[in-house]
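Comments concern the structure below.
Computed from a prediction, not measured in an experiment: that's the story for all the values here.
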There are 2 protein chains.
Amino acid sequence: MKNMKRAAKRGQYHHGDLAAALVDTAVELIAERGVAGFSLAEASRRLGVTVAAPYRHFADRDALLAAVAAKGAGELATAVVAQTHGLTTEAERLAAGALAYVRFAAGKPALFQALFAAGLDKHKRPELEAAAAPLLEALCQPADSLCGGVPDSGKDLTLAVLATCHGHATLLLDGAFGPGPEAVEDAANRAAAATRALVAGRDALR
Amino acid sequence: MKNMKRAAKRGQYHHGDLAAALVDTAVELIAERGVAGFSLAEASRRLGVTVAAPYRHFADRDALLAAVAAKGAGELATAVVAQTHGLTTEAERLAAGALAYVRFAAGKPALFQALFAAGLDKHKRPELEAAAAPLLEALCQPADSLCGGVPDSGKDLTLAVLATCHGHATLLLDGAFGPGPEAVEDAANRAAAATRALVAGRDALR
DNA sequence: GTCTATATCCCGATAGAC
DNA sequence: GTCTATCGGGATATAGAC
């Protein structure tokens, strides 16, 4: 009775698609308090639902977290792929991917953190690897093209670019590039530039 | 009376240097359960001390966490600096620093995670920036040397190398390079190789 | 500087009714 | 598919004694 108000305010998820609603609410919550501060109980409260209800849709807290992470992996891959379209050189496609990667981390930190900072056993959640596969592929294709003959060198370049993007993204979220939207573009541009440098100096990879 | 056993087993920190003991125990705990799973209560229990005792030495949970992070920053800087000594070329000094960075993250994950994955406001903890300064300097010096004339390009290279190291380190801790010590050396070598590539292609930075 | 004791709050998860 | 009710556990933090 008392929590009916909240449910009404927030849009009556009762008997709707609670699973999806929980994912959305989890994203909100993580954005506000970080992954560690997220709880099933609080998410339930926000949706005007009992703490028992989520267990009909997710085995436990980590399962919901994994669903958020999978959504993040999909959206990140989509964002990167979208940016790499319509560019002429392979190097520029990689650089554009780097830009998109860092911007995504800054724009949807909750999804990014669920994917990377939630401490989920990715080995035990093959869905996540599957959701992340398109991202790998989007970077792998230009890299392979650039590295033509040499075996494995496409993979080496892909991994180097990915790690560089990831480093810029995580340092950015950690505040190492300073505050504000200006820091986001700075970090993104640096990641893109570093990607170009990796491409230019790729003979030194392995 | 019941917890006297544990205190005896673990070495009677009573009336010793509790502050330092708390830092050590926090490191143990974080190594076992991750940053999120760390609590003042559990640390107190392990030391055979009341939950109230730590508050004589640290304002709250985050203050102890910050002390661990500061220790991590210091040790990381030391490890990187140590590796860069005695090498002839500037490029190799940077590459060796990258090696050390990734190995540190893998070898002392608790310290590394306290420093980067604890969600501490580094802006509000200037001690941390101070503790990390030697690290920046260790990378900056060879980078400046390499980039000679061009203004700011030393800093650009330093940041690119740092982000690349960080990306490899965090992906490694996330399991992206697979399990085991073999993965550690793989990631470390890749970070070093990427650093050499960044140096080789540094004209593309900015 | 540490302990006793306690207040206060939150969480995950489950059983059983509807 | 959701609710009621509850068990069992753990956390932070403080007040006051010694």
Side-chain angles (χ1 to χ4, degrees), chain A residues 1-8 10-26 28-30 32-68 114 118-121, chain B residues 1-8 10-26 28-30 32-68 114 118-121:
Chain A
M1 241 189 191
K2 193 180 295 175
N3 42 17
M4 285 293 288
K5 292 177 203 160
R6 302 202 73 162
R10 296 189 54 83
Q12 220 76 346
Y13 277 113
H14 276 256
H15 295 268
D17 190 349
L18 182 57
L22 280 167
V23 170
D24 290 344
T25 305
E28 282 182 28
L29 221 66
I30 294 169
E32 292 170 20
R33 314 193 190 176
V35 192
F38 157 78
S39 73
L40 276 187
E42 174 78 10
S44 305
R45 241 173 277 137
R46 290 212 180 180
L47 289 172
V49 153
T50 313
V51 294
Y55 291 91
R56 284 286 140 181
H57 303 272
F58 298 98
D60 52 24
R61 177 184 183 272
D62 274 9
L64 173 51
L65 229 38
V68 176
L120 297 173
D121 277 351
Chain B
M1 242 191 191
K2 192 179 297 178
N3 43 16
M4 284 295 287
K5 291 176 201 161
R6 301 199 74 160
R10 296 191 52 86
Q12 219 77 346
Y13 277 111
H14 276 253
H15 295 268
D17 191 349
L18 182 57
L22 280 166
V23 170
D24 291 344
T25 305
E28 282 182 29
L29 221 71
I30 294 169
E32 292 170 19
R33 313 193 190 176
V35 193
F38 156 78
S39 73
L40 276 186
E42 174 78 12
S44 305
R45 243 173 275 136
R46 291 213 180 179
L47 289 171
V49 152
T50 314
V51 294
Y55 290 92
R56 284 286 140 180
H57 304 272
F58 298 98
D60 53 24
R61 178 184 183 273
D62 274 9
L64 173 51
L65 228 40
V68 176
L120 297 174
D121 276 351

Every protein N/O lying under 3.5 Å from an N/O of nucleotides 13-18 of chain D:
| residue | atom | partner | partner atom | Å |
| --- | --- | --- | --- | --- |
| dA13(D) | OP2 | Y55(B) | OH | 3.2 |

Checklist entry - Roughly, in whole Å, what's the span from CG in L22(A) to P in dT2(D)? => result 9 Å

Item to check | Rounded distance in Å - CZ (F38(A)) to P (dC11(C)) | outcome: 10 Å

Checklist entry - Taking all non-hydrogen atoms of both residues, which atom of H57(B) and which atom of A19(B) are closest, and how far apart? => result ND1-CB, 3.9 Å

Next on the checklist: Can you confirm whether F58(B) sits close enough to L40(B) that some side-chain heavy atom of one is under 4.5 Å from a side-chain heavy atom of the other?
Outcome noted: no

Checklist outcome for this item: Note: V68(B) and A114(B) closest approach over all heavy atoms is CG1-CB, 3.5 Å

Checklist entry - For the side chain of H57(B), counting heavy atoms from C-beta on, which of dC3(D), dG1(C), dC10(C) is nearest? => result dG1(C)

Checklist entry - Between atom CZ in R45(B) and atom P in dC3(C), what is the gap in whole Å? => result 14 Å

Checklist entry - Closest heavy-atom contact between A67(B) and V23(B)? => result CB-CG2, 4.1 Å

Checklist entry - Does some side-chain heavy atom of D121(A) sit less than 4.5 Å from a side-chain heavy atom of D62(A)? => result no

Next on the checklist: Let's see if you can work this out: which of dC11(C), dC3(C), dA11(D) has an atom nearest to the side-chain heavy atoms of S39(B)?
Outcome noted: dA11(D)

Checklist entry - Quick one: L64(A) CG to dA13(C) C1', roughly how many Å, whole number? => result 15 Å

Checklist entry - Rounded to whole angstrom units, what separation is found between the CG atom of L65(A) and the C1' atom of dC11(C)? => result 15 Å

Next on the checklist: Measure CG/L29(B) against C1'/dG10(D) and give the value in whole Å, please.
Outcome noted: 13 Å

Next on the checklist: What contact category does T50(B) fall into here, base, sugar-phosphate, or nothing, at under 4.0 angstrom with non-hydrogen atoms?
Outcome noted: base

Checklist outcome for this item: In terms of heavy-atom contacts, F38(B) and L64(B) come closest through CZ-CD2, 3.6 Å

Item to check | Rounded interatomic separation in angstrom, taking CG from L18(A) and C1' from dT2(D) | outcome: 9 Å

